[in-house]
Amino acid sequence: MEFIRFKSYEEMSDFVANEIAQTVRTKKGCVLGLATGSTPVGAYEKLVQMYNDGKLDFSEVTTFNLDEYYGLSPENDQSYRYFMNKHLFSKVNIKEENINIPSGVAADVQDDCATYDEKIQKCGGIDLQILGLGKNGHIGFNEPGDQLYSSTHLTDLTQSTIDANARFFEDKSLVPTKAVTMGMGSIFKAKKIIIAADFKSKKEAIMKVESGMIDTSCPATLLNVHPNVIFAIVEE
Ligand code: F6R
């Protein structure tokens, strides 16, 4: 794993946006794995700017998002689908049919999860996966535990994640307690992964990853076995 330290959120966002832009420019029909949360918002803003400046074309890009809250429809303004539309998709020329986000309201969740993984493979796999890092070390919503799951699945969110995400909701009681997430295997099949995090708020998890150990109680540590990962750390 390559660790790159940035002096500011702005610099990290520039780096992530440039890596995404380079993938889009160098591989026609590339497949991006995208994350929500506050960490990638700056990079998405920069991608929108590149698109507005005529420097980036999303018309051939396919995206797969990591996760979605269970029980929230795409129209719900707390859903991750809504978040992605707001920060990126509605502002660039990506084709609607090339956008993929796990459904939070599928009639048959298991079947929908299997279809999601199949679709990623049919599209040739993810070229570049962007990840944020949970305070508890989660990636996607693969929460710490004795076991981790390989494929896309429905999962319970830990109290730590519910508490962390409460900042986006009017009331903590409104934070969904379950989510559909890509599993560790689905993430690990990506050809390249960039994980970004702020050192101040994610110190404990970052240090565990940096120690090189592999421990399911901090799922991000498993990234130590992937051959092509960059850890972009903001050291403000
Ligand atoms: C979001 C996701 C989560 C977040 C993580 C960090 O799609 O999968 O793993 O990346 O919770 O969130 P922020 O960036 O808000 O600190």
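Predicted, not measured: the structure shown is a model, and the values here were computed from it. Read the numbers this way: they start at 1 and go in the same order the structure lists the ligands and their atoms.
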Atom 9 (O) of ligand 1: closest protein heavy atom, distance to 0.1 Å, is G140 O, 2.8 Å

Do the rings of Y149 and H153 sit parallel, tilted or perpendicular, given the 30° and 60° boundaries? tilted

Where on N165 is there a heavy atom closer than 4.0 Å to ligand 1, on the side chain, on the backbone, on both, or on neither? neither

Does the plane of the ring in F141 sit parallel, tilted or perpendicular to the ring in H138? Use 30° and 60° as the thresholds. perpendicular

Please identify which atoms of ligand 1 are closer than 4.0 Å to at least one heavy atom of S38. 13 (P), 14 (O), 15 (O)

Fit a plane to each ring of H226 and F188, take the angle between them on a 0 to 90° scale, and name the class: parallel (under 30°), tilted (30 to 60°) or perpendicular (over 60°). perpendicular

Which residue and heavy atom of the protein sit nearest atom 1 (C) of ligand 1, plus the separation: T36 OG1, 3.1 Å

Look at K135 together with E204 and state whether they make a salt bridge at an N to O cut-off of under 4.0 Å. no

As an exercise, identify every atom of ligand 1 less than 4.0 angstrom from a heavy atom of T39. 13 (P), 14 (O), 16 (O)

Do other residues, nucleotides or ligands put more than 12 heavy atoms under 6.0 Å from the CZ atom of F58? yes

Is ligand 1 under 4.0 Å from a heavy atom in the side chain of K202, in the backbone, in both, or in neither? side chain

Considering non-hydrogen atoms of the protein only, which is the closest contact for atom 11 (O) of ligand 1, and what is the distance? H138 NE2, 2.7 Å

Near Q159 CD, under 6.0 Å, is it more than 12 heavy atoms from other residues, nucleotides or ligands? yes

Ion pair check, K46 and D14, cut-off under 4.0 Å: yes

For atom 12 (O) of ligand 1, what is the closest protein heavy atom, and at what distance to 0.1 Å? G37 CA, 4.3 Å

Within 4.0 Å of some non-hydrogen atom of L66, the atoms of ligand 1 are 8 (O)

Under a 4.0 angstrom heavy-atom cut-off, which atoms of ligand 1 come close to R167? 13 (P), 15 (O), 16 (O)

Suppose I only count heavy atoms of G132 and a 4.0 Å limit; which atoms of ligand 1 are within that range? 10 (O)

Nearest-neighbour protein heavy atom for atom 8 (O) of ligand 1, which is reported as residue plus atom name and distance: D67 OD2, 2.5 Å

Which protein heavy atom lies closest to atom 6 (C) of ligand 1, and at what distance to 0.1 Å? L133 O, 3.4 Å

Determine whether the aromatic ring centres of residues Y116 and F64 are separated by less than 6.0 angstrom. yes

Is the count of non-hydrogen atoms from other residues, nucleotides or ligands lying under 6.0 Å from F15 atom CZ greater than 12? yes

